[in-house]
Engineer: 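My questions will all concern the structure given below.
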Amino acid sequence: MAGKKLTCLACGQMNRVPFDKLAAGPKCGTCGAELAGGTVAEVDLATLEKAARNDDLPIVVDFWAPWCGPCRQMAPQYQTAAQALQGQVRLVKLNTEAHPNAGAKYRIRGIPTMAVFSSGKERARQSGAMPSQAIVSWITAHT
């Protein structure tokens, strides 16, 4: 059975999802969490690294912090973008305050910063808050 490999963002288990099920909100075979349901998942550094390295769908990460006003302002826009791109790309958030090693590893100099990962490599980066349509356009141009 052909399909896409996706890391469960909740338990870290690898899953293979048939192409025709990607837009239907597939769930993890181990824990039942959504794999590509159009919602934004909060991840830690280890989960981000595993998904960026192994997943067949591009993953977009929003590096943010709870004290950052523009980050909080962009959060609902980022969620709207995730819904619009369901089944095509997965959007996640990584709290740089809770995971300071992530900010250092990825050389995050300002937040919010979005980065697109595909085939184990960072493909694009954008800093600053954006409205949902601009997020969708930017992601589409870089995936």
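Values in this document were obtained by computation on a predicted structure and should not be read as measured data.
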Engineer: Which pairs of donor and acceptor atoms, one on a side chain in residues 67-91, lie under 3.5 Å apart (sequence neighbours left out)?
Structural biologist:
from  : atom 1 : to     : atom 2 : distance (Å)
Trp67 : NE1    : Glu97  : OE1    : 2.8
Arg72 : NH1    : Pro66  : O      : 2.9
Gln77 : OE1    : Ser132 : N      : 2.9
Gln77 : OE1    : Ser132 : OG     : 3.4
Tyr78 : OH     : Val60  : O      : 2.9
Tyr78 : OH     : Asp62  : N      : 3.3
Tyr78 : OH     : Val92  : O      : 2.9
Gln79 : OE1    : Val40  : N      : 3.1
Gln79 : NE2    : Gly38  : O      : 3.0
Thr80 : OG1    : Pro76  : O      : 3.0
Gln86 : NE2    : Ala23  : O      : 3.2
Arg90 : NH1    : Thr7   : O      : 3.0
Arg90 : NH1    : Leu35  : O      : 2.8
Arg90 : NH2    : Thr7   : O      : 2.9
Arg90 : NH2    : Asp55  : OD2    : 2.3

Engineer: Considering non-hydrogen atoms only, spot the tightest contact between Ala51 and Leu9 and give its length.
Structural biologist: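 Ala51 and Leu9 have their closest heavy atoms at CB-CD2, 4.2 Å.
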Engineer: Do Val61 and Phe117 have side chains that get closer than 4.5 Å, going by heavy atoms?
Structural biologist: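 When only atoms from C-beta onward are counted, Phe117 and Val61 do touch, with a gap below 4.5 Å.
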Engineer: For Ala98, what residues pass the side chain to side chain contact (heavy atoms under 4.5 Å, CB included) criterion, not counting sequence neighbours?
Structural biologist: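 Applying side chain to side chain contact (heavy atoms under 4.5 Å, CB included) to Ala98 gives Asn95.
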Engineer: Could you report the tightest heavy-atom contact between Arg16 and Pro18, atom names first, then the distance?
Structural biologist: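 Reported closest heavy-atom pair: O-CD, 4.0 Å.
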Engineer: Looking only at heavy atoms, what is the nearest atom pair of Gln13 and Cys28, with distance?
Structural biologist: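 Result for this residue pair: CB-SG, 4.3 Å.
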Engineer: Which pairs pass side-chain hydrogen bond (donor to acceptor under 3.5 Å, both in side chains) with one or both residues in residues 104-116, sequence neighbours excluded?
Structural biologist: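 side-chain hydrogen bond (donor to acceptor under 3.5 Å, both in side chains) check on residues 104-116 returns Glu49-Lys105, Thr113-Ser127.
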Engineer: With sequence neighbours excluded, what pairs up with Glu42 under the salt bridge (Lys or Arg N to Asp or Glu O under 4.0 Å) test?
Structural biologist: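 With neighbours one apart ignored, the set is empty.
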Engineer: With sequence neighbours left out, what residues match Arg125 under salt bridge (Lys or Arg N to Asp or Glu O under 4.0 Å)?
Structural biologist: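 Arg125: salt bridge (Lys or Arg N to Asp or Glu O under 4.0 Å) contacts with Glu122.
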Engineer: Mind jotting down which residue pairs meet the salt bridge (Lys or Arg N to Asp or Glu O under 4.0 Å) criterion with at least one end in residues 126-143? Sequence neighbours excluded, please.
Structural biologist: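 Listed by first then second residue: nothing to list.
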Engineer: Other residues, nucleotides and ligands only: do more than 12 of their heavy atoms fall within 6.0 Å of NZ on Lys50?
Structural biologist: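 Check passes, neighbour count above 12.
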Engineer: Please name all residues satisfying side chain to side chain donor-acceptor pair (under 3.5 Å) with Arg53, sequence neighbours left out, ordered by chain then number.
Structural biologist: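 Listed in chain order: nothing, the list is empty.
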Engineer: Over all heavy atoms of both residues, which pair between Glu34 and Thr39 is shortest? Give the atoms and the distance, please.
Structural biologist: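 Taking Glu34 first and Thr39 second, the nearest heavy atoms are OE1-OG1, 3.2 Å.
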Engineer: Who are the side chain to side chain donor-acceptor pair (under 3.5 Å) partners of Thr30, not counting sequence neighbours?
Structural biologist: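 Partners of Thr30 by the side chain to side chain donor-acceptor pair (under 3.5 Å) criterion come out as none, since no residue qualifies.
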Engineer: Quick check on the hydrophobic clustering: are Leu94 and Val116 connected, directly or via other members, by side-chain heavy-atom contacts under 4.5 Å?
Structural biologist: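 Leu94 does not cluster with Val116.
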Engineer: Are Ile59 and Leu45 linked, directly or through other ILVMFWY residues, by side chains that come within less than 4.5 angstrom of each other?
Structural biologist: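 Yes; Leu45 is reachable from Ile59 via cluster members.
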Engineer: Can you name the residues that form a side chain to side chain donor-acceptor pair (under 3.5 Å) with Asp44, not counting sequence neighbours?
Structural biologist: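 Thr47.
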Engineer: Which pairs pass ring pair (Phe, Tyr, Trp, His ring centres under 6.0 Å) with one or both residues in residues 17-58, sequence neighbours excluded?
Structural biologist: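 Applying ring pair (Phe, Tyr, Trp, His ring centres under 6.0 Å) to every pair that reaches into residues 17-58, excluding sequence neighbours, yields nothing.
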Engineer: Run the side-chain donor-acceptor check on residues 135-143: report pairs under 3.5 Å with partners two or more places apart or on a different chain.
Structural biologist:
from   : atom 1 : to     : atom 2 : distance (Å)
Ser137 : OG     : Gln133 : O      : 3.0
Thr140 : OG1    : Val136 : O      : 2.7
His142 : ND1    : Trp138 : O      : 2.8
Thr143 : OG1    : Ile139 : O      : 3.0

Engineer: May I have all residue pairs that pass ring pair (Phe, Tyr, Trp, His ring centres under 6.0 Å) and include part of residues 22-53, sequence neighbours excluded?
Structural biologist: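 Qualifying pairs, neighbours excluded: none.
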Engineer: Taking side chain as C-beta onward, heavy atoms only, is Cys8 less than 4.5 Å from Asn15?
Structural biologist: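 Yes; the side chains approach each other to less than 4.5 Å.
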